[in-house]
There are 2 protein chains.
Amino acid sequence: MEKSDNEEREQRILDAAADLFVHYGYDKTTVDDIARQAGVSKGAIYLHFKSKDELFEGLLVRETMVYHEKWLQLIDADPKGGTIGGMYKNVLYALNSSPFMSAMFRRDGRVLGNYLRKPNNFFRRQNQSTRYEFVKMMQDAGAIRQDIDPKIIAHIMNMLAYGLVAMDEIMAAEFIPPADDVIEGIAEIMDRALTPDDGGNNEAGKAILRQISEAGRQQFEQMNNQNEREPK
Amino acid sequence: MEKSDNEEREQRILDAAADLFVHYGYDKTTVDDIARQAGVSKGAIYLHFKSKDELFEGLLVRETMVYHEKWLQLIDADPKGGTIGGMYKNVLYALNSSPFMSAMFRRDGRVLGNYLRKPNNFFRRQNQSTRYEFVKMMQDAGAIRQDIDPKIIAHIMNMLAYGLVAMDEIMAAEFIPPADDVIEGIAEIMDRALTPDDGGNNEAGKAILRQISEAGRQQFEQMNNQNEREPK
DNA sequence: TTGTGACTGATTTGTCGTATTTGGTCATAT
DNA sequence: ATATGACCAAATACGACAAATCAGTCACAA
């Protein structure tokens with residue numbers, strides 16, 4: 001066995017790391033800081049993670065999983081979760097509710113620091129947008145009108161997500177409307193613009209969603225393993 | 001008379017400056033570089049502009065005017081220029097066609113360099129989005145449906161414009177669809193989602209547009225004068 | 001009057017040696 | 001076995017000084 005199996009402690013470490021990385025950034029956060037905040041010794045951290053890098057990537061993995069689970073759950077619970085607007089709305093809520101994921105999505109230089117310089121980091125090895133698959137399948141399931149290129153829709157969705165988490169880099173916060181209102185507005189626009197003329201199929205949309213979700217998680221796990229196999 | 005009235009030379013200087021600032025950024029572009037590229041002496045530049053800062057701001061003013069003129073013209077020439085999608089499409093085309101304006105819009109740190117640190121720079125003194133006025137008036141003119149908050153629409157439009165010029169900061173260029181296709185996609189979505197049920201009023205839209213345009217230019221001139229009155 | 005480019009003072013950049021911090025290890029304690 | 005924190009090599013930050021660069025000026029030329 002490589003790593004410690006003290007799951008609860010590992011979570012405490014990751015919790016502390018998330019807080020500190022978001023607040024102080026990768027560079028200014030020391031392993032000692034994380035240990036202190038998590039209430040464990042420094043050595044204990046190295047029982048869970050081989051290096052600071054891998055701790056960071058472990059956090060990235062956990063947060064990504066939590067994020068995916070969260071929007072899936074929100075959509076499941078939402079009566080309108082089967083429409084394209086209803087889905088995307090909950091994706092945005094999930095993204096916006098996690099400061100760490102938001103920082104990752106916008107490639108926040110302050111938060112990521114030197115991690116971005118690493119030769120084989122997460123962002124370098126991620127290739128294509130997963131959003132395209134999502135839109136394509138939604139379209140095939142009849143939740144999005146046919147006469148429109150899914151690649152473009154996927155990209156516009158990415159633009160909106162980026163805008164949601166990054167507009168404060170070009171505008172004073174006081175001029176940015178509340179995120180909830182913006183998200184609801186986006187959902188309304190998406191529904192109006194992309195729902196097929198027959199009104200779409202709410203239930204089919206939700207059904208296909210679970211498939212996508214499962215496939216996405218598998219792909220993610222795979223990429224993560226791939227990582228660990230790579231030489232340092 | 002403060003400045004030289006050799007208008008043609010001033011334009012040559014600004015042309016050279018635009019090229020160099022976009023390519024090398026504010027810091028790496030020297031006044032000597034600009035003089036050389038414009039084919040004038042360094043002294044001549046100071047016959048037109050008090051300082052490098054003011055040269056930069058002069059460029060900002062010119063490019064902003066050109067940009068506004070360009071989208072106005074495009075909309076005027078576009079048969080569908082009176083719909084919200086038709087309008088916004090041409091605004092995005094104009095923005096995307098100017099590397100300098102694109103860099104300004106995304107507050108490109110490489111291009112702006114130390115100019116951003118100046119205590120009273122352009123970005124610090126600009127307050128509210130002009131896009132809100134635009135949307136509000138379009139709505140009053142009946143080109144946008146009433147049952148939707150113009151502040152939110154305006155902000156979403158800003159998000160999309162930002163996405164258009166800034167997505168390459170978080171994605172490899174090869175995964176970004178052609179800008180034209182993205183713009184057309186956005187226009188289609190806007191039209192579908194925001195046109196009133198009665199189909200809107202194309203001509204009224206165009207008419208009101210000219211008013212907005214004129215008001216916008218006046219406001220801009222005013223802000224620009226305000227700037228020159230401010231102490232250094 | 002209009003334009004030039006050599007000149008200058010201030011700022012920036014580069015260098016290098018020293019002090020401090022920090023990621024990671026491991027002998028020791030529990 | 002499991003966990004700790006003192007310890008070490010490597011990286012980073014700092015300071016002081018030298019060298020280079022550059023924005024802006026001005027005596028002179030056209």
Side-chain angles (χ1 to χ4, degrees), chain A residues 1-14 16-17 20-21 23-59 109-110 112-121 228 231-232, chain B residues 1-14 16-17 20-21 23-59 109-110 112-121 228 231-232:
Chain A
M1 190 69 173
E2 261 282 66
K3 307 199 313 184
S4 165
D5 61 351
N6 186 338
E7 190 59 34
E8 180 271 340
R9 182 173 60 183
E10 184 160 318
Q11 294 306 318
R12 276 220 316 285
I13 293 170
L14 291 177
L20 293 169
F21 284 143
H23 201 95
Y24 299 103
Y26 182 85
D27 294 341
K28 298 282 181 199
T29 299
T30 71
V31 177
D32 284 282
D33 289 339
I34 298 170
R36 198 177 322 116
Q37 171 123 350
V40 303
S41 72
K42 178 149 81 153
I45 287 184
Y46 286 91
L47 296 175
H48 290 275
F49 306 97
K50 286 219 315 267
S51 66
K52 191 184 178 185
D53 290 11
E54 294 207 359
L55 163 55
F56 185 85
E57 300 201 341
L59 180 59
R110 212 201 70 248
L112 286 139
N114 270 328
Y115 177 76
L116 276 178
R117 262 97 184 178
K118 310 274 174 181
N120 206 239
N121 71 41
E228 283 167 22
K232 188 201 151 191
Chain B
M1 191 68 171
E2 262 281 62
K3 308 201 310 183
S4 165
D5 60 351
N6 186 337
E7 189 59 33
E8 181 269 343
R9 183 173 59 185
E10 184 159 319
Q11 294 306 318
R12 274 220 318 285
I13 293 170
L14 292 177
L20 294 168
F21 283 143
H23 200 95
Y24 299 103
Y26 183 85
D27 294 342
K28 298 277 182 204
T29 300
T30 72
V31 177
D32 284 282
D33 289 338
I34 297 170
R36 198 177 321 117
Q37 172 126 347
V40 303
S41 70
K42 178 147 85 153
I45 287 183
Y46 286 91
L47 295 175
H48 290 275
F49 307 97
K50 287 220 313 268
S51 67
K52 191 184 177 184
D53 289 11
E54 294 206 1
L55 163 56
F56 186 85
E57 300 202 341
L59 179 59
R110 213 201 71 247
L112 286 138
N114 270 327
Y115 177 76
L116 276 178
R117 261 96 183 179
K118 311 272 173 183
N120 205 238
N121 72 40
E228 284 168 21
K232 189 199 153 194

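What you see is a predicted model; the values in this text were computed from it and never measured. The figures here come from the full heavy-atom set of this structure, side chains too, leaving out hydrogens, waters and symmetry mates. Naming: A, B, ... by sequence-line order, numbering from 1 per chain.
Note: NE2 (B:H48) to C1' (C:dT4) measures 13 Å, nearest angstrom. D:dA11 atom P lies 13 Å from atom CG of A:D53, rounded to whole Å. A straight line from CZ of B:F56 to C1' of D:dA23 spans 16 Å, rounded to a whole angstrom. Spacing between atom CD1 of A:I45 and atom C1' of C:dT25 amounts to 14 Å, rounded to whole angstrom units. For the pair B:D32 CG and D:dT25 C1', the computed distance is 13 Å after rounding to whole Å. Atom-to-atom, CD of A:E54 to C1' of C:dG23 comes out at 13 Å; the value is rounded to the nearest Å. The distance between atom OH of B:Y26 and atom C1' of D:dC22, rounded to the nearest whole Å, is 12 Å. Nucleotide D:dA20 holds its C1' atom 13 Å from the NZ atom of B:K28, rounded to whole Å.
The only option from A:I34, A:D33, A:T30, A:D32 that meets the side chain to side chain contact (heavy atoms under 4.5 Å, CB included) definition with A:K42 turns out to be A:D32.
Using a distance-only test at 3.5 Å, with no hydrogens or angles considered, no donor-acceptor pair links the side chain of A:N114 to the main chain of A:D27.
Side-chain atoms of B:L47 lie closest to C:dT4 of the nucleotides C:dG24, C:dT4, D:dA3. Of the candidates D:dG24, D:dA3, C:dG3, C:dG3 carries the atom nearest the B:N6 side chain, counting heavy atoms from C-beta on.
Interface remark: the A:K42 side chain does form a donor-acceptor pair with the C:dG23 base, using a distance-only criterion of under 3.5 Å.
Dashed line: the shortest gap from a side-chain N or O of A:R9 to OP1 or OP2 of D:dT2 is not under 4.0 Å.
Where B:D27 and A:N114 meet DNA chain D, the nucleotide closest to each residue was compared, and A:N114 sits on the side nearer the 5' end. Of the two residues contacting DNA chain D, namely B:G43 and B:Y46, the nearest-nucleotide position lying further toward the 5' end is that of B:Y46.
Distance check: B:L59 CG to B:E54 CD gives 13.5 Å after rounding to the nearest 0.5 Å.
Side-chain contact between B:K52 and B:Y115 is absent, with no heavy atoms from C-beta onward closer than 4.5 Å.
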- Task: Report the C-alpha separation of A:F49 and A:L14 in whole Å, then their side-chain angles, then the decisive distance to 0.1 Å, and conclude whether the side-chain contact (heavy atoms from CB on, under 4.5 Å) test is met.
- Result: CA-CA 11 Å; A:F49 306 97; A:L14 291 177; 3.8 Å; yes

